[in-house]
J.: 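First the structure, which I've put down as structure tokens, then a few questions once you've had a look.
Because the structure is predicted, anything quoted here is derived from the model rather than measured. Residues take their numbers from the sequence shown, with the count starting at 1.
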Amino acid sequence: RTAALDLIKIIEDGNESSREAAVGVLLHVSTTDQNKAVLMRARVVEPVVELLRNGNENSKRTAARCLRRWSVYGIDADKWNELESLQIKQENQIAQAQAQAQAVTPGLMGTFFGSLMKGPEQNPAFVPGNSGTMAGGPQQQAERLIQIMHTGLDGGQQASTTSQDHLAAVLHRLLYDIFESSTAGMLAKLEDTGADPALPAPDQQGAAGV
């Protein structure tokens with residue numbers, strides 16, 4: 001958890017380049033429920049949401065990807081990781097095709113391929129709430145909040161500062177609630193209390209022996 005706290009400190013107080021690097025590390029390690037549990041227990045959501053609001057474009061994009069990963073656990077997380085990998089591959093292929101088209105026929109073809117470039121916040125095939133393979137409910141709500149805070153309201157209009165403060169607070173609570181209700185969150189809570197997850201609660205154990 002110490003390393004997570006160090007990364008949080010950099011995101012809160014570092015310069016632009018160090019903040020971008022730190023959130024990149026968070027994204028890199030947020031591939032397993034165990035790692036995500038460590039980060040969530042370190043209260044990583046608040047500084048990353050703040051970076052989503054006020055970072056440079058690269059940092060915002062990476063922060064959005066982190067927050068999406070923290071909204072899914074278990075089999076949903078496995079499916080999301082697969083979809084995200086496909087999305088990155090698609091982006092790389094389109095970027096390569098765009099570069100080749102611009103080299104051969106600049107202008108119209110470049111504009112055409114540029115219109116195909118979509119991140120996960122723009123492409124409904126690669127967001128947990130819309131993919132058809134992810135759990136709905138809180139995950140869909142989290143996705144919508146991340147979209148609004150990253151790209152603005154429908155039509156690109158940015159929410160007011162007061163509204164963004166409210167959205168940020170809702171997103172904080174929602175992501176922590178999702179984590180706490182997941183198996184990873186429950187195991188983390190048992191670890192904090194020192195309970196053995198393999199044993200029933202004391203009253204249940206006593207009742208079983210009667």
J.: Between atom CD of Glu50 and atom CG of Leu52, what is the distance when rounded to the nearest 0.5 Å?
T.: 9.5 Å
J.: Could you check whether atom CD of Gln34 has more than 12 heavy atoms from other residues, nucleotides or ligands sitting under 6.0 Å from it?
T.: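 Result for CD/Gln34: open.
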J.: Would you mind reporting whether Ser30 and Asn35 have side-chain heavy atoms less than 4.5 Å apart?
T.: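 No - every pair of side-chain heavy atoms lies 4.5 Å or more apart.
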J.: Please list every donor-acceptor pair under 3.5 Å in which a side-chain atom of residues 7-14 meets a protein atom from a residue at least two apart or in another chain.
T.:
residue : atom : partner : partner atom : Å
Lys9    : NZ   : Asp13   : OD2          : 2.8

J.: Does the pair Arg61/Glu20 count as a salt bridge with the N-to-O cut at 4.0 Å?
T.: no
J.: May I ask whether Leu5 and Val38 are part of the same hydrophobic cluster, defined by side-chain heavy atoms of I, L, V, M, F, W, Y residues being less than 4.5 angstrom apart, directly or through others?
T.: no
J.: Evaluate the side-chain proximity of Lys60 to Thr151: yes if any heavy-atom separation is below 4.5 Å, no if none is.
T.: no
J.: Run the side-chain hydrogen bond (donor to acceptor under 3.5 Å, both in side chains) check on Tyr73 and Gln139 step by step: do they pass?
T.: CA-CA 10 Å; Tyr73 296 87; Gln139 285 81 9; over 6 Å; no
J.: Roughly how far, to the nearest 0.5 Å, is the NE2 atom of His166 from the CG atom of Leu145?
T.: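 Between atom CG of Leu145 and atom NE2 of His166 there are 8.5 Å.
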J.: Within the 4.5 Å heavy-atom criterion, are Ile148 and Leu167 side-chain neighbours or not?
T.: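 Sidechains of Leu167 and Ile148: in contact.
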J.: Using modelled atom types and a 3.5 Å cut-off, is there a donor and acceptor pairing between side-chain atoms of Lys36 and backbone atoms of Val72?
T.: yes
J.: Quick one: closest heavy-atom pair of Asp33 and Gly74, and the distance?
T.: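 For Asp33 and Gly74, the tightest heavy-atom pair comes out as OD2-N, 2.8 Å.
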J.: Between Ala142 and Leu175, what is the shortest heavy-atom contact and its length?
T.: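 Closest approach of Ala142 to Leu175, heavy atoms only: CB-CD2, 4.1 Å.
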J.: Say whether Ser59 and Asn56, considering side chains only, have a donor N or O and an acceptor N or O under 3.5 Å apart.
T.: yes
J.: Quick one: CZ on Arg19 to OG1 on Thr62, what's the gap to the nearest 0.5 Å?
T.: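 OG1 of Thr62 is found 12.5 Å from CZ of Arg19.
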J.: Side chains of Gln147 and Arg68: closer than 4.5 Å at any heavy-atom pair?
T.: yes
J.: Answer with yes or no whether the hydrophobic clustering places Met40 together with Val170; edges join I, L, V, M, F, W, Y residues whose side-chain heavy atoms lie under 4.5 Å apart.
T.: yes
J.: Let me confirm one number: the NE2-CG distance from His172 to Asp177, rounded to the nearest 0.5 Å.
T.: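 It comes to 12.5 Å.
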J.: Which heavy atom of Arg43 sits nearest a heavy atom of Tyr176, and at what distance?
T.: CA-OH, 3.0 Å
J.: Return the minimal non-hydrogen interatomic distance between Leu39 and Ala4, and the atom names on each side.
T.: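 It is CD2-CB, 3.7 Å.
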J.: First locate atom CD of Glu46, then atom CG of Leu171, and finally report the distance between them rounded to the nearest 0.5 Å.
T.: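 With rounding to 0.5 Å, CD (Glu46) is 9.5 Å from CG (Leu171).
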J.: Taking all non-hydrogen atoms of both residues into account, name the closest pair between Leu27 and Arg69 and its distance.
T.: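 Minimum heavy-atom contact is O-NH1, 2.6 Å.
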J.: Cation over ring, Arg41 on Phe179, under 6.0 Å and within 45°?
T.: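 No, Arg41 does not lie over the aromatic ring of Phe179.
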J.: A side-chain contact here means heavy atoms from C-beta on lying under 4.5 Å apart; do Asp165 and Arg53 qualify?
T.: yes
